[in-house]
Amino acid sequence: MQPQPVSEREAVRDVLKRVAVALKQGGVPFALCGGYAAWVRGAPEPEHDADFLVPAGEAGRAREVLAAAGLDVQVPAEDWLVKVVVEGAFVDVLWRTCGAPVEADLVERAEPLAVLSVEMPVLAATDILVTKLLALDEHYCDFGRLLPVARALREQVDWDRVRRDVAGNDFAVVLLLLLERRGIIEPAAAVAKSNGAVGGARPEMVTD
């Protein structure tokens with residue numbers, strides 16, 4: 001019998017594990033981020049690639065470690081990531097996010113969790129939401145992808161810190177307002193107080 005073709009999702013999972021093991025064995029600080037970090041914490045599984053963060057100062061060593069592990073490390077035109085490609089599936093290893101270098105403390109806040117039977121650092125839920133919200137701009141503003149993530153992670157997130165960290169991004173602020181109006185998160189204290197002063201009703205919290 002001919003072997004069954006590997007699905008795209010299975011292929012991405014395999015590359016994800018290979019990259020994590022290589023970075024662990026090479027002693028490079030890293031954290032799973034993006035959609036797969038959210039998935040580990042209860043969000044829907046993403047359909048495409050996976051992402052890792054490494055501190056900006058570790059970018060060169062990360063490339064060397066991944067190549068030494070026999071992985072196909074490709075350098076795209078962007079100067080803030082590399083792609084690890086295996087049979088068409090790929091994982092991004094980034095040292096810049098939201099236009100800023102990845103700081104060591106962001107990676108250090110990650111929590112060791114079992115991901116597909118491999119223990120690896122996974123970005124904290126609050127940091128997942130902050131990085132996803134700060135990525136919103138005029139060219140990428142897909143609230144439909146973020147709503148399920150926010151709903152799944154809402155009990156794990158420090159929403160006050162999210163509000164502070166994304167206050168300068170208009171698109172992120174609008175999404176937070178949408179989350180409040182949908183009852184996914186509690187309104188900010190100032191908004192709740194204002195509603196009370198004018199007799200407005202606070203949205204009921206959704207339980208799904």
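These numbers come from the heavy atoms of this one structure, side chains and all, not from hydrogens, waters or symmetry mates. Because the structure is predicted, anything quoted here is derived from the model rather than measured. Residues: numbered from 1 along the sequence shown.
Distance check: R63 CZ to L81 CG gives 10.5 Å after rounding to the nearest 0.5 Å. Here CD of E8 is found 9.0 Å from CG of D49. Values are rounded to the nearest 0.5 Å. Atoms CG and CZ, from L176 and R181 in turn, are 14.0 Å apart once rounded to the nearest 0.5 Å. Taken to the nearest 0.5 Å, the OH atom of Y140 stands 13.0 Å off from the CZ atom of F171. Here the straight-line distance linking atom CZ of R182 with atom CZ of R151 works out to 7.0 Å at 0.5 Å rounding.
A heavy-atom distance below 4.5 Å is found between the side chains of Y36 and L16. The side-chain heavy atoms of P44 and W39, taken from C-beta on, include no pair separated by under 4.5 Å. Side-chain contact between L123 and L32: absent, with no pair of heavy atoms (C-beta onward) separated by less than 4.5 Å. At a threshold of 4.5 Å between non-hydrogen side-chain atoms, the residues L129 and L153 count as touching. Counting heavy atoms from C-beta outward, C33 and I128 have side chains that stay 4.5 Å or more apart. With contacts defined as side-chain heavy-atom distances shorter than 4.5 Å, the pair L147/L175 qualifies. Within the 4.5 Å cutoff, no side-chain heavy atoms of L53 are placed close to those of W95. Side-chain contact between P121 and F30: present, with at least one pair of heavy atoms (C-beta onward) separated by less than 4.5 Å.
For G42 against A152, the heavy-atom pair with the smallest separation is O-CB, 3.5 Å. Minimum heavy-atom separation, G27 to R61: O-NH2, 3.0 Å. Of all non-hydrogen atoms in A56 and P101, the two that sit nearest each other are CB-CB, 3.8 Å. Taking each heavy atom of A89 and V12 in turn, the nearest pair found is CB-N, 3.8 Å.
Under the salt bridge (Lys or Arg N to Asp or Glu O under 4.0 Å) criterion, R13 pairs with E45, sequence neighbours left out. Partners of V85 under the side-chain contact (heavy atoms from CB on, under 4.5 Å) rule, at least two apart in sequence or in another chain, are D72, Q74, K83, F90. Applying the salt bridge (Lys or Arg N to Asp or Glu O under 4.0 Å) test to D105 and every residue at least two apart in sequence or in another chain returns R109. By the salt bridge (Lys or Arg N to Asp or Glu O under 4.0 Å) test, D51 is found to be paired with no residue, residues two or more places apart in sequence or in another chain being considered. With sequence neighbours excluded, the residues satisfying salt bridge (Lys or Arg N to Asp or Glu O under 4.0 Å) with D165 are R161. In terms of the side-chain hydrogen bond (donor to acceptor under 3.5 Å, both in side chains) criterion, residue partners of D142 (sequence neighbours excluded) are, by chain and number, R145.
Between the side chain of W159 and the backbone N or O of T126, no donor-acceptor pair lies under 3.5 Å. At least one donor-acceptor pair closer than 3.5 Å links the side chain of N169 to the backbone N or O of L136. Of the possible donor and acceptor atoms, one in the side chain of K24 sits under 3.5 Å from a partner among the backbone N and O of E119. Of the possible donor and acceptor atoms, one in the side chain of E10 sits under 3.5 Å from a partner among the backbone N and O of S7.
A salt bridge is defined here as a Lys NZ or Arg NE, NH1 or NH2 lying under 4.0 Å from an Asp or Glu carboxylate O, and E111 with R41 meets this definition.
Linking ILVMFWY residues whenever their side-chain heavy atoms come closer than 4.5 Å, directly or via other members, places V40 and L116 in the same cluster.
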